[in-house]
Amino acid sequence: MQGAKILLKQLLRSEARLVALLALLFVVIWWAPPLKILQGTHIMPLWMHVLMETFAIIISMLIFGVAWNAYASERPGNIMIVGCVFLAVGLIDFAHMMSFKGMPDFITPSGAGKGINFWLAAR
């Protein structure tokens, strides 16, 4: 029992060091000057954005398909909830991809604000 308490104290000390290190890293990044390459909205070309979003949509739909086909009454219902969440994420990612500036109008004109709102909803 005494050995378990010592082990727990050592573990908490190492976790406290990790939290302190991450907090210090956060402060350093927060105070760092902004990088010129990240300024503006042209970080990557449109074709690369569409390719990466399509990959994310395919993965989301594959997870939904596996969860949908893995459903059985003896399994917990959480699998279906996760599957439906990934279906929603895939559909919202598609809406985000179609609302990015440079894509055709998707219900309303495309713009940075519209794309960011869909991206935040999917996350």
Side-chain angles (χ1 to χ4, degrees):
M1 190 66 165
Q2 189 68 17
K5 288 183 181 179
I6 293 172
L7 185 63
L8 182 63
K9 285 183 181 181
Q10 290 174 349
L11 183 65
L12 289 176
R13 285 185 191 138
S14 64
E15 288 176 354
R17 285 188 211 122
L18 179 63
V19 169
L21 178 69
L22 291 175
L24 179 66
L25 180 66
F26 176 76
V27 170
V28 167
I29 290 173
W30 186 17
W31 286 344
L35 299 173
K36 292 289 184 190
I37 194 167
L38 298 178
Q39 303 283 324
T41 59
H42 299 288
I43 295 173
M44 71 177 80
L46 182 62
W47 65 268
M48 185 183 297
H49 180 258
V50 169
L51 184 71
M52 290 191 308
E53 286 293 335
T54 303
F55 179 72
I57 292 166
I58 289 170
I59 296 298
S60 295
M61 295 303 163
L62 285 173
I63 293 172
F64 167 72
V66 168
W68 186 265
N69 288 313
Y71 176 74
S73 58
E74 63 269 1
R75 290 196 182 112
N78 296 347
I79 294 173
M80 284 305 295
I81 294 172
V82 169
C84 291
V85 165
F86 273 99
L87 174 66
V89 166
L91 293 173
I92 294 172
D93 271 343
F94 177 75
H96 162 72
M97 182 178 70
M98 293 304 292
S99 65
F100 200 76
K101 190 172 183 168
M103 296 295 284
D105 289 346
F106 181 63
I107 301 174
T108 59
S110 300
K114 184 179 173 185
I116 289 171
N117 286 335
F118 278 122
W119 184 82
L120 288 173
R123 297 296 99 22

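- Among residues two or more places apart in sequence or in another chain, the side chain to side chain contact (heavy atoms under 4.5 Å, CB included) test is passed with Val82 by Phe86.
- Of the residues listed (Met48, Met97, Met98), the one engaging Glu53 in a side-chain contact (heavy atoms from CB on, under 4.5 Å) is Met97, and it is the only one.
- The heavy-atom pair separating Gly83 from Ala67 by the smallest distance is CA-CB, 3.6 Å.
- Identified under the salt bridge (charged side-chain N to carboxylate O under 4.0 Å, His left out) test for residues 82-100, with sequence neighbours left out: Asp93-Arg123.
- Atom-to-atom distance recorded for Ile58:CD1 and Ile63:CD1 is 12.5 Å, nearest 0.5 angstrom.
- Residue Val89 comes nearest to Ala122 through the heavy atom pair CG2-O, 3.8 Å, listed as atom of the first residue, atom of the second, then distance.
- The ring pair (Phe, Tyr, Trp, His ring centres under 6.0 Å) test applied to Phe64 returns Trp68, not counting sequence neighbours.
- In this structure, NE2 on His49 lies 3.0 Å from NE2 on His96, to the nearest 0.5 angstrom.
- Every side chain to side chain contact (heavy atoms under 4.5 Å, CB included) that Met61 has, sequence neighbours left out, goes to Ile57, Leu87, Leu91.
- Residues forming a ring pair (Phe, Tyr, Trp, His ring centres under 6.0 Å) with Trp47 (at least two apart in sequence, or on another chain): none.
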